[in-house]
Amino acid sequence: MGAPAYLQSIYEVAEVKIKKVVYKNRIRLKEFFVDFDKLRSGFIFENQFLSGLSMAGLDKHLTASQLQALADAYKTPETDRLSKVDYRRFCEDINTVFTESELEKDPLKEVPAEPSELLDKTRYDFSSKQLPEEREAQLESIMSKLREECQIKGIMVKPFFDDAAHDKNSCHMVNHVTVSQFKQGLGVKMGFTSLSQADIGVLIEKFLDDEYPPGDMINYVAFAHCLNPVTPDYD
């Protein structure tokens, strides 16, 4: 890496933190930088790079010195490209937590192991958050009515939110939508007009993912699975 020696250990700690957050939340890093790179050169200015990290919610997990160490690690020399940051190489390095970008060219290339603490592939399929007993009772009453409505109208919930999650103006965080998108999906998209604001508040309270930056993201997959339970396939 291009980081100064005294910043190397800070960078290494920051890299491990980012890989964990990116893997856990399935953040598509490149999408937070490409708009700054009009010529698609792979290089952007340092302030743009730091803005991209912030938009991805990564600044909430790192100190100011760690953010700076990342920028310094991927800076080009001042005589080359006006000391811009090589965000493309940064994304490739971080994304090795998923797979190697050159794997298709070399199928035998060794792929780094996934972080052991992040191997649960079903972590988005349910909400483990337990509300107070009275709120859980309210929730079950609400969900029971919505399940019945889904069955009568043939509503499949997840596809509505999939579209929102992939919208160009979304946060691009897999299996999550913003609170605003969640409300819009319930009303405008799926037509759950019987829901009161209090009902929607209970749903948000249950399915809000507290671990997910920036703190206002709804785990819509868990919500969808409660309304349209996935039936396992039997051979």
Side-chain angles (χ1 to χ4, degrees), residues 20-29 31-32 51-62 117-232:
K20 287 182 178 180
V21 173
V22 165
Y23 184 88
K24 183 176 182 180
N25 298 319
R26 292 297 194 270
I27 299 174
R28 293 182 276 264
L29 271 181
E31 297 184 17
F32 294 95
S51 292
L53 293 177
S54 178
M55 289 188 294
L58 298 174
D59 58 333
K60 295 176 174 61
H61 300 272
L62 303 173
E117 67 272 30
L118 301 176
L119 291 177
D120 182 5
K121 303 299 185 183
T122 64
R123 66 178 300 270
Y124 295 124
D125 291 353
F126 58 90
S127 172
S128 59
K129 187 189 297 183
Q130 190 67 28
L131 303 183
E133 185 175 346
E134 182 180 343
R135 300 288 276 176
E136 285 288 345
Q138 290 178 319
L139 175 72
E140 182 51 39
S141 175
I142 295 166
M143 297 300 285
S144 178
K145 292 176 183 177
L146 292 181
R147 274 191 289 269
E148 183 178 359
E149 192 167 345
C150 286
Q151 290 174 353
I152 293 173
K153 296 181 179 179
I155 298 173
M156 296 302 295
V157 174
K158 185 173 178 291
F160 285 100
F161 291 116
D162 283 339
D163 289 343
H166 290 90
D167 184 87
K168 66 178 182 179
N169 296 318
S170 75
C171 293
H172 298 288
M173 295 180 178
V174 173
N175 295 338
H176 288 71
V177 292
T178 64
V179 169
S180 177
Q181 288 174 318
F182 183 67
K183 290 180 177 178
Q184 184 180 38
L186 294 174
V188 177
K189 302 294 185 181
M190 285 173 282
F192 292 145
T193 55
S194 63
L195 290 174
S196 67
Q197 289 302 310
D199 291 338
I200 294 173
V202 174
L203 294 176
I204 291 172
E205 185 178 356
K206 178 68 174 181
F207 296 102
L208 187 72
D209 193 336
D210 296 327
E211 296 182 2
Y212 216 107
D216 65 346
M217 303 300 294
I218 299 292
N219 178 356
Y220 71 83
V221 172
F223 173 70
H225 282 183
C226 286
L227 296 182
N228 306 127
V230 177
T231 304

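All heavy atoms count here, side chains included; hydrogens, waters and symmetry mates do not.
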Measure the shortest side-chain to side-chain distance between [X] and [Y] over non-hydrogen atoms and say whether it is less than 4.5 angstrom.
{"X": "R26", "Y": "Y23", "value": "yes"}
{"X": "M217", "Y": "L208", "value": "no"}
{"X": "L58", "Y": "L29", "value": "yes"}

Interatomic distance, [X] atom [atom1] to [Y] atom [atom2] [nearest 0.5 angstrom]:
{"X": "Y220", "Y": "L227", "atom1": "OH", "atom2": "CG", "answer": "14.0 Å"}
{"X": "I200", "Y": "E205", "atom1": "CD1", "atom2": "CD", "answer": "14.0 Å"}
{"X": "I204", "Y": "D199", "atom1": "CD1", "atom2": "CG", "answer": "11.0 Å"}
{"X": "I218", "Y": "L203", "atom1": "CD1", "atom2": "CG", "answer": "8.5 Å"}
{"X": "I155", "Y": "F192", "atom1": "CD1", "atom2": "CZ", "answer": "4.5 Å"}

**Request:** May I ask you to decide if V157's main-chain N or O and N228's side chain share a donor-acceptor pair within less than 3.5 Å?
**Result:**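 Side chain of N228 to backbone of V157, a donor-acceptor pair under 3.5 Å: yes, one is there.
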**Prompt:** Got a donor-acceptor contact below 3.5 angstrom from the N25 side chain to the I27 backbone?
**Reply:**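 No; zero donor-acceptor contacts below 3.5 Å.
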**Asked** Of the options E136, Q138, R135, which is the one that meets K206 in a side chain to side chain contact (heavy atoms under 4.5 Å, CB included)?
**Response**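 Result: among E136, Q138, R135, E136 is the only option passing the side chain to side chain contact (heavy atoms under 4.5 Å, CB included) with K206.
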Only distances under 3.5 Å count here; give the side-chain donor-acceptor pairs of residues 183-191 to other protein atoms, sequence neighbours excluded, each with its distance to 0.1 Å.
none

**Prompt:** Taking the six-membered ring of F32, is NZ or CZ of R28 closer than 6.0 Å to its centre and within 45° of its axis?
**Reply:**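 Verdict for F32: no cation-pi partner in R28.
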**Results of side-chain contact (heavy atoms from CB on, under 4.5 Å) for T193 - residues two or more places apart only** =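 Scan of T193 (side-chain contact (heavy atoms from CB on, under 4.5 Å), adjacent residues dropped) gives none.
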**Request:** Begin with the C-alpha distance, continue with both residues' side-chain angles, and end with the deciding distance and a verdict on ring pair (Phe, Tyr, Trp, His ring centres under 6.0 Å) for F182 and F207.
**Result:** CA-CA 10 Å; F182 183 67; F207 296 102; 7.2 Å; no
Pair up each side-chain donor or acceptor in residues 139-151 with any protein partner under 3.5 Å, not counting sequence neighbours, and list the distances.
unit_1, atom_1, unit_2, atom_2, d
E140, OE2, R147, NH2, 2.6
R147, NH1, C226, O, 3.0
E149, OE2, K153, NZ, 2.8

